[in-house]
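Just so it is clear, the structure is predicted and the values come from calculations on it, not from any experiment. Sequence positions, counted from 1, serve as the residue numbers for this chain.
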Amino acid sequence: MPKAKGKSRRQKYSYNLNRKRLYRSARRRAAPRIACSHIRHAWDPTKSVAQNLAEMGLAEDPNKAVPIPKKRLLGMEVESDGQEQGKKMVRKPYVVNEMEYEASLPEKKSNTLSRDLIDYVRYMIQNHGENYKEMARDEKNFYQDTPKQIKRKINVYKNFYPEEYKDFIASLKQEKMDVQ
C-alpha cells in the first residue's frame, strides 16, 4: 500500500501567520509576577498595573516619575510649572513606608570563609608567625601557595574575623609567656 503524500514531507514555515498576536494574548492572560511581598499583599487583581502602582504611590514609568531636566537653551533657563498634572491620590502609603523601612535596615554579612581556610590560616600563624617564606615551604601547604598568596589569605581572615584574630594572637602570646 502506498504512503500518504503529505505525511513524509516536512512542515513549511507559514509566513502569513501573525505570531505576535498569539504571544501577546498569552502574556496578557498571565498574572504579573511580583517579587516584593508588600506589593503582593496590597495588589488588587481587578485593577490594572498602572492603577495598582498609582494607589501605592509607586511609579509605573521611571522616566515620567523623575523627569529629565531640560538643558539651558542659549543661556536662559526654561521654567516649569509648580503644578503637577495628573497627581493621583495615594491610598496605600503603607507599602512605600514598609519598603523604605526594609531598605534602611543594615545589611548583614552573609559571606564567610570556609572552615578549611580558617584552620589553614590559624595553623600557619601558630607555627610560623609572620614568616611567609617558611609558610610556603610547610608540608601542610597542599595547594603550593606562594608567600604572597598566603599573606593575602591571612589578610582576608583578619578582615572577616577581626575579633577572633585578635583573640587568637592574644592566646598565642599567652602560650609563649607560659612556656618561658
Side-chain angles (χ1 to χ4, degrees), residues 11 13-73 77-126 140 142-143 145 148-171:
Q11 291 286 321
Y13 183 78
S14 176
Y15 290 96
N16 297 327
L17 184 62
N18 185 359
R19 287 175 180 76
K20 283 185 181 177
R21 192 182 78 233
L22 294 174
Y23 291 131
R24 196 178 304 133
S25 63
R27 226 182 316 147
R28 201 177 293 138
R29 275 183 253 125
R33 286 188 166 189
I34 304 168
C36 180
S37 63
H38 307 297
I39 296 174
R40 190 180 307 120
H41 293 301
W43 195 266
D44 186 4
T46 60
K47 297 180 180 174
S48 70
V49 174
Q51 289 172 338
N52 271 310
L53 292 176
E55 278 188 354
M56 293 178 213
L58 301 172
E60 180 187 15
D61 186 7
N63 292 328
K64 291 178 183 173
V66 182
I68 300 169
K70 295 183 180 178
K71 295 181 181 177
R72 295 180 183 185
L73 300 173
E77 291 187 22
V78 178
E79 295 182 14
S80 61
D81 295 342
Q83 302 170 357
E84 293 183 26
Q85 296 174 352
K87 184 81 172 173
K88 295 183 181 170
M89 190 73 162
V90 178
R91 294 186 182 153
K92 300 176 185 176
Y94 61 90
V95 176
V96 175
N97 295 337
E98 289 171 355
M99 289 172 68
E100 284 176 350
Y101 172 73
E102 229 176 70
S104 69
L105 292 175
E107 190 176 330
K108 57 183 176 181
K109 271 190 175 177
S110 61
N111 46 1
T112 59
L113 298 178
S114 68
R115 189 75 236 166
D116 293 337
L117 182 63
I118 293 170
D119 293 340
Y120 171 74
V121 167
R122 291 182 76 148
Y123 168 83
M124 290 298 188
I125 293 172
Q126 192 171 8
K140 291 260 184 160
F142 300 123
Y143 297 110
D145 292 329
K148 280 191 174 183
Q149 288 172 324
I150 295 171
K151 185 176 183 179
R152 209 173 301 129
K153 285 182 181 180
I154 291 172
N155 286 336
V156 167
Y157 174 71
K158 284 179 189 177
N159 292 336
F160 271 76
Y161 305 104
E163 291 85 20
E164 187 178 315
Y165 177 75
K166 287 176 186 174
D167 295 340
F168 178 64
I169 295 298
S171 68

**OP:** Return the minimal non-hydrogen interatomic distance between E164 and I118, and the atom names on each side.
**Re:** OE2-CG2, 4.2 Å

**OP:** Could you check if a side-chain atom of M124 sits within less than 4.5 angstrom of a side-chain atom of K153, using non-hydrogen atoms only?
**Re:** no

Subject >> Any side-chain donor near an acceptor of the partner, T46 and D44, under 3.5 Å >> reply: yes

**OP:** Could you tell me which non-hydrogen atom of P162 sits nearest to which non-hydrogen atom of N159, and how far apart they are?
**Re:** CD-O, 3.7 Å

Original post:
Taking only residues two or more places apart in sequence, or in another chain, which ones meet Y15 in a side-chain contact (heavy atoms from CB on, under 4.5 Å)?
Top reply: Y13

Original post:
How about V121 and V156: do any of their side-chain heavy atoms sit closer than 4.5 Å?
Top reply: no

Original post:
Taking only residues two or more places apart in sequence, or in another chain, which ones meet R40 in a salt bridge (charged side-chain N to carboxylate O under 4.0 Å, His left out)?
Top reply: none

Original post:
Is there a side-chain contact between Y120 and D145, using heavy atoms and a 4.5 Å cut-off?
Top reply: yes

Original post:
Minimum heavy-atom separation for N52 to K47, with atom names?
Top reply: ND2-O, 3.4 Å

Subject >> Criterion side chain to side chain contact (heavy atoms under 4.5 Å, CB included) on V96 and V90, from CA distance to verdict >> reply: CA-CA 10 Å; V96 175; V90 178; 5.9 Å; no

Original post:
Rounded to the nearest 0.5 Å, how far does CG of N155 lie from CD1 of I150?
Top reply: 12.0 Å

**OP:** Only counting residues at least two apart or in another chain, list the ones meeting ring pair (Phe, Tyr, Trp, His ring centres under 6.0 Å) with Y165.
**Re:** none

Original post:
Heavy-atom distance under 4.5 Å between the side chains of W43 and L53, does that happen here?
Top reply: yes

Subject >> Heavy-atom side-chain contact between Y157 and L113 under 4.5 Å >> reply: yes

Original post:
Checking K92 side chain against A42 main chain: does a donor-acceptor pair fall under 3.5 Å?
Top reply: yes

Original post:
Say you draw a straight line from CZ of R122 to CD1 of I169; how long is it, rounded to the nearest 0.5 Å?
Top reply: 9.5 Å

**OP:** Hey, could you give me the CD/CD distance between Q51 and E60, rounded to the nearest 0.5 Å?
**Re:** 10.0 Å

Original post:
Rounded to the nearest 0.5 Å, how far apart are SG of C36 and CE of M56?
Top reply: 9.0 Å

Original post:
Is the closest side-chain heavy-atom distance between Q126 and F168 below 4.5 Å?
Top reply: yes

**OP:** Please examine the side chains of M99 and E102, heavy atoms only from C-beta on, and report whether any two atoms are closer than 4.5 Å.
**Re:** no

